[in-house]
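Predicted model, so just to flag it, every value in this text is computed and none were measured. Letters go in sequence order (proteins before strands), and every chain restarts at 1.
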Protein chains: 2
Amino acid sequence: MTSLRARQKEDRRKRIVASAKTLFRKSGYDRTTIEAIAESAGVSGVTVHNYYGTKAGVLLALVIENDALLLRRLDESLPRDETDLIALTVCFARVVMDHATSHLEKAIWRQVLAAVTAESETPLGRAYAKLDRQLAYVLVNRIEALQRDGHLPARVDPVHLGMALFHLQNARFVQFVSAEGLRPDEIETRLRNDLTALFAVCSR
Amino acid sequence: MTSLRARQKEDRRKRIVASAKTLFRKSGYDRTTIEAIAESAGVSGVTVHNYYGTKAGVLLALVIENDALLLRRLDESLPRDETDLIALTVCFARVVMDHATSHLEKAIWRQVLAAVTAESETPLGRAYAKLDRQLAYVLVNRIEALQRDGHLPARVDPVHLGMALFHLQNARFVQFVSAEGLRPDEIETRLRNDLTALFAVCSR
DNA sequence: GTAAAAATTTTTATTCAATAAAATTTTTGC
DNA sequence: GCAAAAATTTTATTGAATAAAAATTTTTAC
């Protein structure tokens, strides 16, 4: 039983986020005012603030919505028969980059990453962190499968390995959006170099 | 031959940054206004903007100044006789965390990290990126020494390895400042787990 | 040493994000 | 339908950011 009030709220949320996405893509983040988003969504500017706290909050909400999609897409896009850990991680990174660029420009992703750090202790920040963890677990699950099939030594902890690889991939993603001219291919090479060097250590 | 004008400019810069550091530490980032920094430094608010562009710019300038110190401190603090790569990286991470917390609170570091991403294409953002690269090279140099002394296989590329380890360490640093309650010991454990898992892969 | 010029800061004004309190509208429960 | 509750809008304020004009100071040239 959803009350009228709850439905209206949900409706406004949807309109605000949809308006924001359109405007951010059309005019960029800085040149889009909260008032413009509010007007386009048919609410007052203060309501947008009441709903999302900050302009960055609206952006984060929008990204979280899209990332639910990425989560499914990732699982589909990673080939089930891939046995090479490096190839798997690189593929993961590429799907993330493709998804990102197909939705928003790099300049806006920089705002997203900035907001995530600045607002890490707020509800929306936590929601993003949770999604990030789910993203990491897509990789962890694949690594567990790899280990089950004997493509990885039994001594490696798949959760730790998955997290480490995710962090590394994420660091390269940050680099990707931080430099306008950097192409996915170049990032792929760097990530490959990272992994090759690490796996070549083989100490003790 | 430094002109009077150049000296005065340098002097104002110093006063602005010093005032900002004092005020940020005393009242936090958000509760410190540019006007307050300006007044304490004996200049107008607009001058602060002219010098650093944004409030975050002032913060970044301040951090860059401190990081020059970190660079030296890091090189001193890393034991020369350390032959274990994991121990070396963990030690590196700890020095960075100690340095960070001794200068500014986590909440302010979150603002720093946010500003770095948001302003990656501005001069101050680039200056920070350059310092980051120098920090990474402290690690790279140590790894090269390790390899020279036969503690690392000849097949590993020390630059790639150093960069990868730096990124991993950095990802954990971001986590460190993003969660108020997270202690350096816990981060150290996580980083150790990352490295242990990666080095255990040993594929092909 | 002084007057013109060049450079730099300050003043002034405007836009917009963020926040708070009061006023208004809408929904809900009876 | 009507009173109470909940939510939105209006109104107002602070502070960051930016731009243009005005004022000041340093430099340069004589």
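The aromatic rings of A:F24 and A:Y29 sit tilted relative to each other, their planes meeting at an angle between 30° and 60°.
Here the side chains of A:E119 and B:R110 are not in contact, with every heavy-atom distance at 4.5 Å or above. Between A:Y128 and A:V112 the shortest side-chain heavy-atom distance falls below 4.5 Å.
In this structure, the CD atom of B:Q111 is 12 Å from the P atom of D:dA16, given to the nearest Å. Remark: P of C:dT9 and CZ of B:R15 are 11 Å apart, rounded to the nearest angstrom. The nearest whole Å value for the distance from the OH atom in B:Y52 to the P atom in C:dT9 is 11 Å. When the P atom of D:dG15 is taken as reference, atom CG of B:L23 falls 13 Å away, rounded to whole Å.
Phosphate contact (OP1/OP2 of C:dT26, side-chain N/O of A:Q8, threshold under 4.0 Å): absent. Proximity of B:R7 to the phosphate of D:dT26: no side-chain N or O atom is located under 4.0 Å from OP1 or OP2.
Within the 4.0 angstrom heavy-atom criterion, only backbone atoms of the sugar-phosphate kind lie near B:Y51; the bases stay farther away. Across all strands, A:R12 comes closer than 4.0 Å only to sugar-phosphate atoms, never to a base (heavy-atom distances).
Rounding to the nearest 0.5 Å gives a distance of 9.5 Å between CE of B:M163 and CG of A:D194.
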remark   = Going 5' to 3' through nucleotides 15-23 of chain C and flagging B where a protein heavy-atom sits under 4.0 Å of the base, S where only the sugar-phosphate is that close, and - otherwise, we get -SSBBB---

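Because its NZ or CZ atom is not both nearer than 6.0 Å to the ring centre of A:F166 and within 45° of the ring axis, A:R133 does not count as a cation-pi partner of that residue.
In this structure B:V43 satisfies the side-chain contact (heavy atoms from CB on, under 4.5 Å) test together with B:R12, B:R15, B:I16, B:A38, B:A41, B:T47, B:V48, sequence neighbours excluded.
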